[in-house]
Amino acid sequence: VFREFRRLLSPGGRLILVENPRQGYWDMSRRSFSPTRCVDFLRRAFFKDVLMEKLPIAEEWEQKNGGQYFLVEALRS
């Protein structure tokens, strides 16, 4: 999936994802989101300047259920 994102972006293009580990794009990845695995996959797909940051946007009910959101940003090399 990340190599396809790289193919679609022009050089210097920015990929931005906002993800929640408790949810996933089952139709795309067939597995739930893992912030560290996502960063690793992007680096292996030859993205550069891969950044990950936890976002303070989860609702209180989501936080009680372990929900949290991450911003993942990368540049196409």
Side-chain angles (χ1 to χ4, degrees):
V1 172
F2 294 117
R3 288 180 197 248
E4 184 65 9
F5 286 149
R6 185 178 184 280
R7 187 185 72 79
L8 294 172
L9 288 170
S10 60
R14 184 178 310 269
L15 175 66
I16 298 175
L17 303 169
V18 175
E19 292 285 354
N20 181 331
R22 305 277 296 179
Q23 300 172 349
Y25 293 113
W26 295 101
D27 58 332
M28 281 177 48
S29 63
R30 305 283 186 232
R31 62 181 146 234
S32 62
F33 174 78
S34 162
T36 52
R37 188 170 44 200
C38 180
V39 169
D40 182 53
F41 285 154
L42 285 166
R43 287 184 177 140
R44 290 192 308 185
F46 304 107
F47 278 88
K48 62 181 182 177
D49 299 331
V50 180
L51 303 172
M52 179 188 53
E53 169 184 350
K54 185 176 176 183
L55 298 175
I57 62 173
E59 298 287 334
E60 186 176 329
W61 65 269
E62 290 176 301
Q63 292 174 3
K64 289 179 181 176
N65 293 314
Q68 52 192 338
Y69 289 88
F70 291 88
L71 172 68
V72 180
E73 185 176 356
L75 292 178
R76 184 192 184 279
S77 52

Under 3.5 Å, which donor-acceptor pairs do the side chains of residues 70-77 form with other protein atoms, sequence neighbours left out?
residue, atom, partner, partner atom, Å
E73, OE2, R14, NH1, 2.3
R76, NE, R6, O, 2.7
R76, NE, L9, O, 2.8
S77, OG, R6, NH2, 3.3
S77, OG, F46, O, 2.6

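With sequence neighbours left out, the side chain to side chain contact (heavy atoms under 4.5 Å, CB included) criterion links E4 to R7, L8.
Considering every non-hydrogen atom in both R3 and A45, the closest pair reads CG-CB, 3.7 Å.
A distance of 7.0 Å separates CG in L15 from CZ in F2, rounded to the nearest 0.5 Å. Atom-to-atom distance recorded for Y69:OH and L55:CG is 10.0 Å, nearest 0.5 angstrom.
The salt bridge (Lys or Arg N to Asp or Glu O under 4.0 Å) analysis of residues 40-59, with sequence neighbours excluded, yields the pairs D40-R44.
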